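Here is the naming used below: chain letters follow the sequence lines, and residue numbers restart at 1 for every chain. For clarity, every value in this text was computed on a predicted model and none was experimentally measured.
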Amino acid sequence: MSHEPGRLAIWLGLADGPLTQAKTVRFGDASAIRSGRIWSILIVVVLVGLWAIASRHGWIPAFYWPPIGATWDRLVRLATEGFRNVPLWEHVGISVFRVLSGVFFGALIGIPLGFAMGLSSVARGLFDPVVEFMRPIPPLALIPLIILWFGIGEVAKIVLLFLAALFIMTLAARAGVSGVAITKVHAAYSLGASRMQILRHVILPNALPEIFTGLRTSMGVCWSTVVAAELVAADRGLGSMIMIAKNFLQTDTVVIGIVLIGLIGYGIELLMRWTERRLVPWKTGA
Amino acid sequence: MVYTLPGGGSVRALEHVALDIPEGQMVAILGPSGCGKTTLLNIVAGFLKPTSGAVVVGGRRVTGPGAERGMVFQQGALFEWMSVAENVGFGPRMAGRARREADALVAELLRRVGLGGFADTPVYRLSGGMQQRVALARCLANDPGVILMDEPLGALDALTRERMQGLVLRLWKETGKTIVLITHSVEEALFLGERLIVMAPRPGRVIRDMALPFAEMALRTEARTVKASADFVQVREEVLSMIWSMEEEIMGGAQDVT
Ligand SMILES: Nc1ncnc2c1ncn2[C@@H]1O[C@H](COP(=O)(O)OP(=O)(O)O)[C@@H](O)[C@H]1O
Ligand SMILES: [Mg+2]
């Protein structure tokens, strides 16, 4: 108690913070264990270090795993000259654009559809079998049909991602509507609100947290789907980049592509969490 | 009122309840849990259609919820995505009242419930007692003829609860509204009600309907003095033993087992 541990030490998990200090029961209380960040940093440093050492001594053939120096050079070249005459940022950009379009249209149709299903018995009856049937089908299983219908162009990819997002968004919006506390709806009616006003001022904001969860899930699913779809048929996009690089045995480009896919997926998740905290503070406790 | 259960059975939640409440009266409804208090209030509010019988408010038969009958719920009825002022101004805004007029009304009501400095605070940041103040102000903003309260102070701690009782009493006197207040606290019912209705379960019915002097008294004297007065204590014991005997009747079977 005499000397305060520094904030850095707490963040790293080297010392107990004000929340964990006084607790004697640790095992079984997840909130009482330290962050352990020091270990996260250590493992990254060790892995990169091992990579560097292995590269220097030529322990692994470049065909299986590229040397660290060559990979860095390749990244610089991809960033400046591009891959097969397409700049790296364009590969990244087109993949992100496809995901955003798919999620956008999925939300545009899915949210009203989910609301209708939560509010009207006709809509529920009509769409319930469709939605419940489509839900367990992985979007990738739709690729052959989509290629038959729409070819392999840009439209086909966005339709695929739209379908991937659509059912997630519909179910999220429907859950949001069903989740509204009946006392809030009753209170609004007693305050003289009309049905449309209740929809706009009570049901919609109340469903926002669920809609956000849906958006986050859609983003994640669409990001995996776009990469897989690009592996199958595309000449641009991160997925196609790593698939084509494989044909040229460019393992370094493949590795760079995979790391970028991971980083962007993580970035999307962080961005969605940040937006969620801003827009639905009453649920996230900001 | 008879509820039909999904399994096929039914619950007689209310039977032969006939009440005539004059304008401006503060009625406290008391009874053990499960005796149909909430059911009764929901029927008056228009959220439930009674199996038989009717509710008439101000000469008009109730067929659904309406702005002339305000509701104050126990908790969870505020709109978390709105600030305190937006919650209070909800009724006037939905009715399309002029912005400036509504703003002035909201400011005045917030002052009256003691939330003058909290207009822009999000409601989810308020304590339970403050949230109920918002709920009261939001209800008053609509200027309803009748205010229905379902255990409005039930979720508050004992100290906050006593302070809020004073506020409810003051608002009632200042506005002259007809108030129907449900509570399971005998003390609260005696303190706030001009009239006390005691209900019994299975089937839910009124077993006692009496006038009370304490609300009037409390407007002139200190709350603690009223609650400590010999009269108050005597009536409280009387009503408590009535409720106790009912509870015993309900629990009788269960207690034999343990
Ligand atoms: N929706 C419902 N369906 C079936 N039974 C109900 C329903 N609501 C209440 N009841 C029953 O009706 C009785 C009265 O309930 P309620 O009005 O909530 O009592 P109180 O508010 O006095 O505790 C209880 O026995 C309860 O179990
Ligand atoms: Mg109740």
Problem set entry | CD on B:E80 to CG on A:N206, rounded to 0.5 Å |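 Nearest 0.5 Å value for the CG-CD distance: 7.0 Å.
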For [X] versus [Y], what's the shortest heavy-atom pair and its separation?
X	Y	result
B:A77	A:T183	CB-O, 4.1 Å
A:S190	B:N142	O-ND2, 4.0 Å
A:K184	B:F79	O-CE2, 3.7 Å

Problem set entry | Part of A:V202 lying under 4.5 Å from any heavy atom of chain B |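 Interface part for A:V202: both.
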Exercise. Would you say the side-chain atoms of A:Q197 pair up with the backbone N or O of B:M94, donor to acceptor, closer than 3.5 Å?
Worked result: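 Yes, because the side chain of A:Q197 sits within donor-acceptor range (under 3.5 Å) of the backbone of B:M94.
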Exercise. Ignoring hydrogens and geometry, is there a side-chain-to-backbone donor-acceptor pair from B:W81 to A:H201 under 3.5 Å?
Worked result: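 Flag set: sc B:W81 to bb A:H201 pair under 3.5 Å.
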Exercise. What part of B:L148 is in contact with chain A, defined as an atom under 4.5 angstrom from a non-hydrogen atom: side chain, backbone, both or neither?
Worked result: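 Contact with chain A: none, neither part.
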Problem set entry | Residue among B:M82, B:R93, B:R138 with most heavy-atom pairs under 4.5 Å to chain A |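 Most heavy-atom pairs under 4.5 Å with chain A: B:R138.
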Counting only heavy atoms from other residues, nucleotides and ligands, does the tally under 6.0 Å from [atom1] of [X] exceed 12?
X	atom1	answer
B:E174	CD	yes
B:K49	NZ	no
A:R26	CZ	yes
A:R37	CZ	yes

